[in-house]
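Whatever order the structure lists them in is the order used to number ligands and atoms, beginning at 1.
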Amino acid sequence: MSKPQSPRSRPAGAPRAAAEGRDGRSFFSRPKGESRDAAPRERAPRDERAGGREERGSFGSERREERGNFGAERREGQGRPAPRPSYDAPRGDNRGGQRGSFGSERREGQGRPTPRPSYDAPRGDSRGGERGSYGSERREGQGRPDSRPSYGAPRGDSRGGERGSYGSDRREGQGRPDSRPSYGAPRGDNRGGERGSFGSDRREGQGRPDSRPSYGAPRGDSRGGERGSFGSDRREGQGRPDSRPSYGAPRGDSRGGERGSFGSHRREGQGRPDSRPSYGAPRGDSRGGERGSFGSDRREGQGRPDSRPSYNGPRDDAGHGQREAAPQKPQFNRPRLSYAASRIDQVQRVLGEILQWTYPADAALSHWLRHHPGLGARDRSEVAEAVYDVLRHLRRYRQFGESGVGPASRRLAILGLAATLGVDALEEGMDAGEAAWLKRVKQIDLATLPRAVRGSIPDWLDERLGAMDSPETLIDALNRQASLDLRVNPLKVERDAMLTELQQSAGRYEPVAMPFSPWGIRMEGRPAINRWPQFENGSIEVQDEGSQLLALLVAPRRGEMIIDFCAGAGGKTLLLGALMRSTGRLYAFDVSAARLARAKPRFARSGLSNVVPVVIDSENDARVKRLAGKAQRVLVDAPCSGIGTLRRNPDLKWRQHPEALAELGQLQERILNSAARCVAPGGRLVYATCSLLAEENEVQAERFLASHPDFERLDAAEILAARCENLKLDGPYVQLRPDVHGTDGFFAAVFERRKKATAATDTEAQAEVDAEADAVDTVEGAAEAEADAVVQAAQAEAEVVLAEVESVQAEATDVADETEAALAEEADAAEPADAEPAPVKPADAKPAA
Ligand SMILES: C[S@@+](CC[C@H](N)C(=O)[O-])C[C@H]1O[C@@H](n2cnc3c(N)ncnc32)[C@H](O)[C@@H]1O
């Protein structure tokens with residue numbers, strides 16, 4: 001199963017150095033001032049960008065706001081300045097209300113005419129890891145299994161796998177900033193209020209690091225109430241007099257800026273009076289990032305360290321510090337936002353960033369949360385749930401939003417929160433108009449909407465999914481949150497033993513055995529498993545069930561030479577290596593050094609010593625060619641659209657587009673061709689994606705077969721059925737669906753290189769391989785010769801030395817391989833169950849929760 005590729009990846013043909021960022025740092029990690037030229041890109045509807053735009057609230061900004069709405073509508077070709085009501089009735093296909101959404105959707109990739117980036121660069125590179133668990137998940141090609149992290153977990157610690165990886169990726173700058181598609185519109189302009197400031201931030205190359213509005217402009221003027229006071233407070237350099245969040249405090253009184261607590265204050269570096277994290281933890285050690293600035297703030301006399309209450313006191317149920325226990329702070333007659341108002345504001349702000357589509361949603365959300373460390377577990381979780389709900393239902397919500405008033409991002413936030421928390425929970429945060437609008441919207445009969453609007457998918461995707469069996473249930477399942485899938489490490493532990501352990505230690509997440517994978521455990525909720533000892537000692541990993549099943553198709557054996565051609569951060573490599581019992585040699589290729597670097601500690605944690613990670617320049621790298629005809633098994637977990645992972649990456653449907661699919665198709669074909677050359681006669685080639693789309697799956701497989709007569713197709717469904725007795729599939733391919741199998745959408749094809757080639761045809765085939773490789777070299781060489789001349793001269797010298805070393809190593813390795821293979825054969829004969837896991841008995845296969 002493959003990892004989805006970000007549409008923001010390196011443009012085709014762009015030198016990797018550029019795509020990765022010359023300074024090797026990402027947008028997020030690059031200090032302000034080291035700016036990059038802002039790449040113009042496609043933009044979200046004005047009033048969705050920079051979420052809290054209404055903050056300004058001044059007449060001026062009201063006008064801007066209005067313009068935002070009107071502008072959006074005009075862009076949709078309706079010229080109608082006033083919000084249209086009446087979504088009670090369907091407007092007919094693609095008309096009316098839908099138009100609004102179409103406008104937006106187009107901007108999100110529906111037939112976007114603007115230049116697209118290429119998919120040569122791995123997606124993960126451009127994504128910030130959502131969280132530990134997610135990290136791992138994405139790395140496993142799951143597209144972040146549930147793409148949502150455990151938001152309650154402390155920063156840093158909780159980032160396991162993917163997040164770390166994403167972070168690294170980003171630090172390598174491979175996803176964006178340069179790789180951002182240029183959508184034509186210059187950034188930063190046309191942005192009123194907050195946007196203006198975002199633009200500036202971004203112009204500083206940081207992708208608006210903290211999403212804050214521009215505090216240089218007096219906010220208070222524009223808004224009565226709270227914001228005004230915030231503005232004043234801040235202008236006075238007082239650091240939000242009591243901007244502490246006060247979820248526990250009675251609403252209405254002592255309204256200090258809750259907002260302040262949500263990061264504004266901190267972002268202003270004014271000493272986030274109470275927005276600091278770790279209420280129970282001693283200050284100092286635990287403070288990272290922003291805290292540092294708090295220190296400074298205090299030194300500047302702005303933080304008022306002494307006046308801060310102690311948060312070591314008990315927390316309320318919601319996990320918020322109990323403000324009542326804190327000393328009273330001076331009140332500035334600022335209205336405090338109610339819980340509901342704060343939540344709406346937070347979600348609106350996050351959406352304001354995500355809907356610019358500058359970064360993958362998980363990265364943008366993680367970034368926002370990192371900059372709001374004062375939020376508790378529940379806050380984070382509620383914000384994340386609502387944001388993801390909006391991403392899942394964006395098209396529908398935008399259509400509903402058209403009949404509302406105020407900033408579109410606020411309407412979206414209200415809809416997301418109403419879906420996840422319930423309408424009642426929002427009551428205090430909405431004005432009468434909003435409440436009435438929400439009531440109307442809730443009465444809409446979804447069945448009356450066109451499928452693409454109801455299921456909130458872009459037209460190009462609706463067209464493709466519509467051609468499949470039961471598209472309705474498929475779309476519905478893709479719009480649901482995924483479970484958390486774990487895999488035990490067969491080198492370290494038996495599944496059933498781990499299941500028993502987890503049922504005792506983490507029973508509230510309802511761990512159950514997966515229905516098909518012999519190593520799988522499925523859980524509900526969002527546990528921060530990357531802090532669990534079982535994760536830290538390599539006994540469990542996060543991996544979608546489909547990805548686990550892939551190992552059964554590869555079926556590696558002890559002592560073999562196996563290639564994981566697109567290993568990424570090693571999710572699938574880990575299982576392959578474990579099934580080889582850490583014997584033989586398992587090459588982990590990838591063009592992304594960052595991903596492979598993240599894989600290394602995972603290999604170590606898992607107890608694997610047979611993995612050889614190799615960063616390749618491209619699928620035609622010389623090191624790939626050297627393995628022609630040598631590998632018993634080659635896995636191509638191809639870069640793909642990731643449409644099968646929408647449960648975990650709902651933003652992908654808005655970020656992908658048909659033109660990108662065509663580019664991906666070409667890359668997939670090139671990788672498959674190169675990988676095929678490595679397969680030994682009689683060896684197996686497995687091609688997999690985490691896509692549901694025919695053009696990335698069966699069309700690709702058929703094309704491969706047609707152009708490779710030396711390969712034959714095996715029935716992948718049959719191979720799997722032999723190992724999973726309760727998995728019924730129609731061959732010859734494996735196609736898993738979330739609505740049918742409870743997994744991500746997943747595709748796999750298995751090919752075997754024919755054995756019967758004579759020595760002569762083998763030689764011919766090899767000659768053909770070499771000639772092809774040489775031709776590629778020639779073309780590439782000509783193009784790069786000039787630029788590479790100096791480098792090549794130095795490399796030539798180095799290669800002489802390297803060749804000598806390699807020849808000595810090769811001899812040693814051959815001897816080792818022979819010994820290993822002989823030992824493996826003996827071991828297999830004595831203990832065949834080790835070579836491949838025992839088939840799953842129906843009795844083992846319990847239904848997933
Ligand atoms: C679907 S992801 C692989 C996920 C990985 N197998 C796992 O389980 O975590 C696809 C990978 O293909 C890599 N890739 C992209 N272009 C490639 C190429 N030309 N050759 C090899 N790998 C490539 C990407 O860097 C990315 O890591």
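Of all the listed residues (R670, Q668, E619), E619 holds the heavy atom that lies closest to atom 19 (N) of ligand 1. Nearest to atom 25 (O) of ligand 1 by heavy-atom distance, out of V624, D590, L596, is D590.
The shortest N/O to N/O separation between L667 and ligand 1 does not fall below 3.5 Å. Checked by distance only, ligand 1 and S618 stay at 3.5 Å or farther apart across all their nitrogen or oxygen atoms.
Between R713 and E702 there is a salt bridge, with a side-chain nitrogen of the basic residue lying less than 4.0 Å from a carboxylate oxygen of the acidic one.
With a 4.0 Å heavy-atom cut-off, ligand 1 is reached by the side chain of R595 but not by its N, CA, C or O. For A567, every heavy-atom contact with ligand 1 shorter than 4.0 Å involves the backbone, none the side chain. Residue I671 touches ligand 1 through its side chain alone, judged by heavy-atom distances below 4.0 Å.
Ligand 1 places these atoms under 4.0 Å from at least one heavy atom of G571: 7 (C), 8 (O), 9 (O). Shown in contact with G568 at under 4.0 Å from a heavy atom are these atoms of ligand 1, numbered in order with element: 27 (O). Those atoms of ligand 1 that come under 4.0 Å of a heavy atom in I616, given as number and element, are 20 (N), 21 (C).
Side chains of L661 and E696 form a contact here, defined as non-hydrogen atoms less than 4.5 Å apart. Side-chain contact between R684 and V679: absent, with no pair of heavy atoms (C-beta onward) separated by less than 4.5 Å. The shortest side-chain heavy-atom distance between Y687 and F704 does not fall under the 4.5 Å cut-off. Residues W519 and L575 are in side-chain contact: their nearest non-hydrogen atoms beyond the backbone lie under 4.5 Å apart.
Residue F565 places a heavy atom under 4.0 Å from ligand 1.
By the 30° and 60° cut-offs, the orientation of the rings of F747 relative to Y733 is tilted.
No side-chain donor-acceptor contact under 3.5 Å links D744 and T645.
Other residues, nucleotides and ligands contribute more than 12 heavy atoms inside 6.0 Å of the CZ atom of R623.
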